[in-house]
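See structure below.
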Amino acid sequence: MNNIEIAWVFLEIADLLEIKGESPFKVRAYRQAAHVLAELDEEVAHYARMGRLTELPGIGAALAAKIEELLETGSLTYLEQLRREVPPGLRQMLALPGVGPHTVRTIFTYLGISSLEELEAAARAKKLRNLPGLGVKTELAIRHGIELLRSRPSGLPLGLAFPAAVEISEILSQLSQVQKVSLAGDVRRGEEIVGQIIIVAAVAPADQEVVLKTFQAAPYVRQTLRIEPGAITVLLGIGLEATLMTVPPPAFACRLCYHTGPPAHWNDLVEWARARGFELTPDGLRGRDRELQVFSEEELYHLLGLAFVAPELRAGRNEVELAARGALPELLRPEDMQGDLHLHSNWSDGTESIQGLARAAADRGYSYIAITDHSQALSIANGLTPERLVEQEKEIEEVRANYPQLFLFSGIEVDILADGRLDLPDDVLATRDIVVASVHSGFKQGRETMTHRILTALANPAVDILGHPSGRLLGRRDPYAVDLEQVLEAAQRYGKILEINASPERLDLSAEWARRAKEAGIKLAINSDAHDVRRLADMEWGVCVARRAGLTREDVVNAWPLERLRDYIRLRRERVYANS
DNA sequence: GCCGTTTTCGGCCCGACTGTTTTCAGTCG
């Protein structure tokens with residue numbers, strides 16, 4: 001078992017303990033340990049071998065013993081026992097908005113319900129409203145919540161699926177029997193939610209056996225689900241299916257393109273090829289009189305008279321036509337990013353000092369960052385008061401002196417209050433180099449209220465960037481009810497920047513809305529929203545969203561050099577004051 | 001569960017909102 005899988009076990013234990021009604025601190029200890037393991041650079045097995053597990057923060061004797069058992073046996077007696085006491089189906093109920101561990105326990109205790117299906121039936125039969133502590137509203141909320149859950153695409157956020165897919169494919173690539181290997185499907189296209197991992201490998205028929213065996217023994221793999229000719233599907237420990245397609249080496253390029261999809265793009269290619277006298281199938285490309293050798297996907301597009309279409313742009317939209325005209329956008333690349341404009345330090349709920357953030361940013365080759373801690377209303381995050389903001393400014397000054405090559409924006413992530421006012425006075429905000437405004441409360445407001453709230457905030461001259469505009473948490477929380485159409489309109493009118501929050505939990509704006517923002521002439525910022533230095537790397541997920549949205553360097557303000565960005569912010573602010 | 005220590009157990013981010021009650025418990029961020 002690797003670190004991530006063990007972290008998943010601890011998260012399950014935490015949920016089950018919570019439903020059981022155990023001490024919240026014990027629950028938190030498991031969650032904390034899961035977090036530590038997931039963020040650990042080295043394999044936890046190393047620490048175990050050296051007997052140094054308890055040196056890890058949040059790992060004591062009890063958790064160390066559980067880690068050792070998992071490493072040695074691949075299973076955990078304690079978890080199995082918990083599962084017998086608390087049916088794992090109850091975990092799904094925790095995902096329902098407004099339903100917490102106590103409500104789940106009540107439902108299970110009184111009605112013996114242990115699955116979403118049973119719960120839905122009970123809600124329809126109006127059996128929930130009479131339980132102690134529940135009422136009609138909760139019953140309706142549960143029905144509504146189940147519908148929402150069903151309407152979500154099933155799968156895992158890209159940030160969880162991608163690292164697993166890469167790790168498995170790298171192991172395959174080391175086999176001498178594997179001539180070529182590539183990710184395909186959702187993961188390769190950078191979809192926000194990955195329904196299934198698909199890996200394509202070029203393998204001679206005689207070598208299939210050993211490749212399949214390696215795949216089945218790869219990290220994350222829990223169990224084999226299906227074996228078909230040329231395809232094997234397994235279930236991963238993170239709850240996702242992964243399929244390995246073994247294809248004859250000469251067919252690799254076409255099969256890779258086919259399995260990368262999506263079907264609409266492939267169909268457009270097939271159509272395009274047919275109209276030009278080719279026959280394109282997953283197994284190869286035929287010219288008028290003969291089979292053509294295709295050595296790579298690039299060559300496939302070239303033979304068809306098309307520019308190479310980056311996987312992120314494949315959607316069956318109009319990309320084939322654009323490729324034919326040589327009119328595809330020159331997509332943003334990770335190395336284009338010059339800085340990060342949304343970071344949290346230990347002044348609020350981040351774990352790293354400003355100095356530490358600066359060092360890590362400099363190491364990444366950034367030329368600027370913005371320190372944007374929370375404002376006072378977010379008390380759980382130790383948000384900053386005007387007084388503490390003044391104190392923080394002094395520390396930022398000191399760090400600036402140590403990093404002359406890195407510009408530090410003194411920023412703030414100010415809360416947008418329930419009525420659209422900001423959580424800090426205008427004169428305080430005016431002292432900051434950059435102001436990100438975000439919603440962190442009152443998620444249940446109606447569409448009109450929420451839209452008005454955000455529009456009010458955008459109209460405030462102090463605001464430079466709207467943070468995570470839709471408020472969604474991938475796979476966990478739907479966007480709040482907001483008319484993004486109107487938000488775009490306002491952003492365009494006031495020259496405001498919209499954020500693509502790159503945290504793999506959010507990816508907000510979505511690619512879809514980022515594309516529309518670009519079309520409306522709005523500039524975007526891709527920000528990691530990191531709370532520790534490791535998460536600076538989340539930038540890559542944001543770049544992925546930007547690529548799917550067809551964004552170029554021009555569209556993204558923190559892909560610009562420092563001077564241009566500062567001018568952009570300064571000019572907008574001056575324009576406002578000139579008009580007022 | 002872990003941690004730090006006044007070395008053996010008490011403390012562990014907190015406040016707003018909501019729906020259920022009829023004074024508060026549960027959920028959420």
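Note that the coordinates shown come from a computational prediction; the quantities given were computed from them, not determined experimentally. Letters A, B, ... mirror the listed sequences (proteins, then strands); counts begin at 1.
Whole-Å rounding puts the K20(A) NZ to dG1(B) P distance at 9 Å. When rounded to the nearest whole Å, the span between CD of E505(A) and C1' of dG29(B) equals 12 Å. Following rounding to the nearest Å, R472(A) (CZ) and dG29(B) (C1') show an atom-to-atom distance of 19 Å. Distance, D529(A) CG to dG29(B) C1': 13 Å, rounded to whole Å. One can place CZ of R477(A) at 9 Å from C1' of dC28(B), the figure rounded to the nearest angstrom. When rounded to the nearest whole Å, the span between CG of L63(A) and P of dG1(B) equals 7 Å. Rounded to a whole Å, the CG atom of L378(A) is 7 Å from the C1' atom of dG29(B). In this structure, L128(A) places its CG atom 17 Å from P of dG26(B), rounding to the nearest Å.
Straight-line distance between the P atoms of dG10(B) and dG15(B): roughly 24 Å, to the nearest whole Å. Nucleotides dT23(B) and dG19(B) place their C1' atoms 13 Å apart, quoted to the nearest Å. Rounded to the nearest Å, the gap between the P atom of dC12(B) and that of dT6(B) is 15 Å. Separation of the P atoms belonging to dT5(B) and dG1(B) is 24 Å when rounded to the nearest angstrom. Spacing of P atoms, dT22(B) relative to dG26(B), comes out at 14 Å, to the nearest Å. Taking atom C1' on both dA16(B) and dG11(B), the two are 24 Å apart, rounded to the nearest angstrom. Comparing the same atom, C1', in dG29(B) and in dC13(B) gives a spacing of 12 Å after rounding to whole Å. The same atom, C1', is picked in dC3(B) and in dT8(B); the two are 12 Å apart, to the nearest Å.
Between D15(A) and R91(A) a salt bridge is recorded (basic side-chain N to carboxylate O distance below 4.0 Å). R388(A) and D373(A) are not joined by a salt bridge, as no carboxylate oxygen comes within less than 4.0 angstrom of a charged side-chain nitrogen. Salt-bridge check for R52(A) with E55(A): passed, with a basic side-chain N closer than 4.0 Å to an acidic carboxylate O. Classification of D478(A) and K444(A) as a salt-bridged pair fails, no side-chain N sitting under 4.0 Å from a carboxylate O. In summary, R453(A) and D419(A) do not engage in a salt bridge, as defined by a charged side-chain N under 4.0 Å from a carboxylate O.
Regarding the sugar-base torsion, dT7(B) falls in the syn class, its angle being within 90° of 0.
Which of dG1(B), dG26(B), dG29(B) sits closest to the side chain of T103(A) comes down to dG26(B). Of all nucleotides listed (dC2(B), dG29(B), dT27(B)), dT27(B) comes nearest to the side chain of P101(A).
In this structure R359(A) satisfies the salt bridge (charged side-chain N to carboxylate O under 4.0 Å, His left out) test with no other residue, sequence neighbours excluded. Residues passing the ring pair (Phe, Tyr, Trp, His ring centres under 6.0 Å) test with F162(A) are W541(A), sequence neighbours excluded. Qualifying salt bridge (charged side-chain N to carboxylate O under 4.0 Å, His left out) partners for D427(A), counting only residues two or more places apart in sequence or in other chains: none. Partners of D508(A) under the salt bridge (charged side-chain N to carboxylate O under 4.0 Å, His left out) rule, at least two apart in sequence or in another chain, do not exist in this structure. For K126(A), there are no salt bridge (charged side-chain N to carboxylate O under 4.0 Å, His left out) partners at least two apart in sequence or on another chain.
A side chain to side chain contact (heavy atoms under 4.5 Å, CB included) with I522(A) is found for one member of V487(A), I497(A), L488(A) and no other, namely L488(A).
Contacts of residues 105-122 of chain A with DNA chain B (heavy atom under 4.0 Å): none. Of the residues in residues 86-100 of chain A, those lying under 4.0 Å from DNA chain B by heavy-atom distance are L96(A), P97(A), G98(A), V99(A), G100(A).
Taking only side-chain nitrogens and oxygens, Y78(A) comes nearer than 4.0 Å to OP1 or OP2 of dG1(B). Taking only side-chain nitrogens and oxygens, S441(A) never comes nearer than 4.0 Å to OP1 or OP2 of dC28(B).
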Verdict with supporting geometry, T451(A) and Q486(A), side-chain hydrogen bond (donor to acceptor under 3.5 Å, both in side chains): CA-CA 8 Å; T451(A) 304; Q486(A) 288 194 50; 5.4 Å; no
Annotated protein contacts, base or backbone, on nucleotides 10-20 of chain B with a non-hydrogen cut-off under 4.0 Å, one of B, S, - each: --BB-S---SS
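Sorted by first and then second residue, the pairs that involve residues 131-141 of chain A and meet side-chain hydrogen bond (donor to acceptor under 3.5 Å, both in side chains), not counting sequence neighbours, are R129(A)-E139(A).
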All N/O pairs under 3.5 Å across the protein-nucleotides 3-6 of chain B interface:
residue : atom : partner : partner atom : Å
dC3(B)  : OP1  : G58(A)  : N            : 2.9

Contacts under 3.5 angstrom, residues 105-112 of chain A side chains, donor-acceptor by atom type, not counting sequence neighbours:
residue : atom : partner : partner atom : Å
R105(A) : NH1  : I19(A)  : O            : 2.9
T106(A) : OG1  : H102(A) : O            : 3.0
T109(A) : OG1  : R105(A) : O            : 2.5

Pairs under 3.5 angstrom only: tabulate donor-acceptor contacts from the side chains of residues 141-150 of chain A to other protein residues two or more places apart or in another chain.
residue : atom : partner : partner atom : Å
R150(A) : NH1  : E120(A) : OE1          : 2.8
R150(A) : NH1  : E120(A) : OE2          : 3.4
R150(A) : NH2  : E120(A) : OE1          : 3.4

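Nucleotide dG29(B) forms a pair with dC14(B), judged by Watson-Crick or G-U wobble geometry with both contacts under 3.5 Å.
The aromatic rings of F409(A) and Y368(A) stand perpendicular to each other, their planes meeting at an angle above 60°, with 30° marking the opposite boundary.
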